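Because only heavy atoms are used, hydrogens play no part in the values below, and waters and symmetry mates are left out as well, while side chains stay in. In this text, all values refer to a predicted model and were calculated from it rather than measured experimentally.
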Amino acid sequence: MIDISNGLHGAYTYRTARHALGDHRLRGAIDEGALVAFGRGVLLSGDRVLDLRTRCAGALLLAGRDAVLVGPTAAALHGCTAVGGFPVHVAVPYDHRVRSRSGLVVHQAALPAAEITTVEGLRVSTLPATIGELLCEAPRRAALACADQALHALPAESRPARWSEIHRYLRARPNRRGTRQAAELLSLATGLPETPAESVLLLSVVEAGFPVPTSHYRPADRRGRPRHRLTFAWPELRIALTYQSPQPRPAGSSWPPPVARTPGGAPPWPPPADLRAQGWLIVSAHPGDLIEPTQLCTRLRAAFTERRCAA
């Protein structure tokens, strides 16, 4: 293991490593794999070469002083992982000559200072700018999931302010390409979905032509107490859409976390018989429906037809 004091997250310039180790030790570290070349003049610690922050630090060293991490990489550093962080995306001023290469995507762009922040010592585009750009340019499902993650990370009372920040960024964005899609997706972002899968499910339903459902609706029991939580619902029609990933939790593992329970002790996914007795129609979604939603839409459409409301 190589630890050089002037590095960041295990990324070093060749000059820094040479100054700290000397020529002989540096050659030995490279030969043994303790240091790995990331690009011309940049080395990464061999035991951290797959770490996102290490590769981000290396990308910034490679791209130059004014480089900024953007796009999916910036989203991952902000905690929005639905798009993944690799390859590393970096924006550089127009006069920089660094080029894209394997593991590194270079964008020619001049970000204003107001859209740049620091995360763990790394220059990153701000969260509103990052999410705004993803809503304009990323695949729709991943973009909405990231927007929901950005909102979900905040207390409920703080989410409207963050939503407004993203909205203001989109309104002021000089490049209008993609902003119509972004506005549509942002209108669906609430921060209520707890997983990217729930965000994808919501988008699939809306894109199929169904009205926008209420997220995490809690219908009252016969005594008027909210007991259960539905993933999505159309309360006026008493139609519920439930989703629960069947991913098992390995023994002794902390992930995935155990199923959360509501204050009354009731599970968030209610027994269908309980709600059906109150006149609810229950439609269950499965992981396969996220890939191909045709059968799910057929089941939903049948529920809407039964309620005499064509989707």
Side-chain angles (χ1 to χ4, degrees), residues 72 75-76 78-83 126-171 178-220 226-245 257 259-263 267-270 280 283-285 287 289-290 293 296-297 300 311:
H78 282 297
C80 305
T81 58
V83 292
T126 61
L127 183 56
T130 298
I131 298 301
E133 289 301 310
L134 290 178
L135 290 171
C136 290
E137 299 180 359
R140 291 167 59 86
R141 290 180 165 198
L144 177 58
C146 275
D148 272 328
Q149 286 182 320
L151 297 173
H152 184 75
L154 298 172
E157 63 273 14
S158 300
R159 292 171 188 168
R162 177 55 49 81
W163 191 97
S164 296
E165 289 175 351
I166 300 171
H167 179 66
R168 285 196 298 270
Y169 172 83
L170 291 172
R171 290 189 62 182
T179 52
R180 180 176 296 182
Q181 167 183 286
E184 175 191 345
L185 294 174
L186 186 59
S187 70
L188 299 176
T190 61
L192 292 175
E194 296 180 344
T195 64
E198 290 186 17
S199 299
V200 170
L201 179 60
L202 170 63
L203 185 59
S204 297
V205 168
V206 173
E207 287 183 335
F210 294 95
V212 178
T214 300
S215 297
H216 288 195
Y217 182 74
R218 297 184 65 190
R227 292 297 304 275
H228 303 304
R229 190 192 70 203
L230 301 168
T231 310
F232 298 110
W234 293 266
E236 68 282 2
L237 301 174
R238 287 190 173 244
I239 297 175
L241 175 60
T242 64
Y243 178 84
Q244 182 177 16
S245 172
V259 174
R261 306 185 77 84
T262 57
W269 290 273
W280 281 83
V283 178
S284 298
D289 293 320
L290 304 182
L296 169 63
C297 292
L300 260 182

### Sequence neighbours excluded - ring-ring contact (aromatic ring centres under 6.0 Å, His included) pairs with any residue from residues 139-165
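As it turns out, the ring-ring contact (aromatic ring centres under 6.0 Å, His included) pairs with a partner in residues 139-165, which skip direct neighbours, are Trp163-His167.
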Nearest atoms (heavy-atom pairs only) where [X] meets [Y]:
{"X": "Leu290", "Y": "Ala197", "result": "CD1-CB, 3.6 Å"}
{"X": "Leu135", "Y": "Ala147", "result": "CD2-CB, 4.2 Å"}
{"X": "Leu192", "Y": "His216", "result": "O-CE1, 3.0 Å"}

Given side chains that start at C-beta, do those of [X] and [Y] come closer than 4.5 Å, heavy atoms only?
{"X": "Leu170", "Y": "Cys136", "result": "yes"}
{"X": "Arg141", "Y": "Pro196", "result": "no"}
{"X": "Leu151", "Y": "Thr190", "result": "no"}
{"X": "Ile131", "Y": "Cys80", "result": "yes"}
{"X": "Val205", "Y": "Phe232", "result": "no"}
{"X": "Tyr243", "Y": "Asp289", "result": "no"}

### Task
May I have all residue pairs that pass salt bridge (charged side-chain N to carboxylate O under 4.0 Å, His left out) and include part of residues 144-163, sequence neighbours excluded?
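Sorted pair list: Arg162-Glu165.
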Euclidean distance, [Y] [atom2] relative to [X] [atom1], rounded to 0.5 Å:
{"X": "Leu296", "Y": "Ser284", "atom1": "CG", "atom2": "OG", "result": "9.5 Å"}
{"X": "Thr179", "Y": "Leu186", "atom1": "OG1", "atom2": "CG", "result": "12.0 Å"}
{"X": "Gln149", "Y": "Ser199", "atom1": "CD", "atom2": "OG", "result": "7.5 Å"}
{"X": "Leu241", "Y": "Thr214", "atom1": "CG", "atom2": "OG1", "result": "12.0 Å"}

### Task
May I ask you to decide if Thr231's main-chain N or O and Glu198's side chain share a donor-acceptor pair within less than 3.5 Å?
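No, the answer is negative, given that no donor and acceptor are paired below the 3.5 Å cut-off.
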#### Entry: Partner set under side-chain hydrogen bond (donor to acceptor under 3.5 Å, both in side chains) for Thr195, not counting sequence neighbours
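Applying side-chain hydrogen bond (donor to acceptor under 3.5 Å, both in side chains) to Thr195 gives none.
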### Message
Which residues pass the salt bridge (charged side-chain N to carboxylate O under 4.0 Å, His left out) test with Arg180, not counting sequence neighbours?
### Response
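In terms of salt bridge (charged side-chain N to carboxylate O under 4.0 Å, His left out), with neighbours along the sequence ignored, Arg180 is linked to no residue.
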If the condition is side-chain contact (heavy atoms from CB on, under 4.5 Å), which residues does [X] pass it with, not counting sequence neighbours?
{"X": "Pro72", "result": "Val83, His89, Leu134"}
{"X": "Glu184", "result": "Arg140"}
{"X": "Ser164", "result": "Arg168"}
{"X": "Ala129", "result": "Glu115, Thr126, Tyr169"}

Please table the atom pairs, donor to acceptor, closer than 3.5 Å between any side-chain atom in residues 233-240 and protein atoms at least two apart or in another chain.
| residue | atom | partner | partner atom | Å |
| --- | --- | --- | --- | --- |
| Trp234 | NE1 | Pro211 | O | 2.9 |
| Arg238 | NH1 | Gln278 | O | 2.6 |

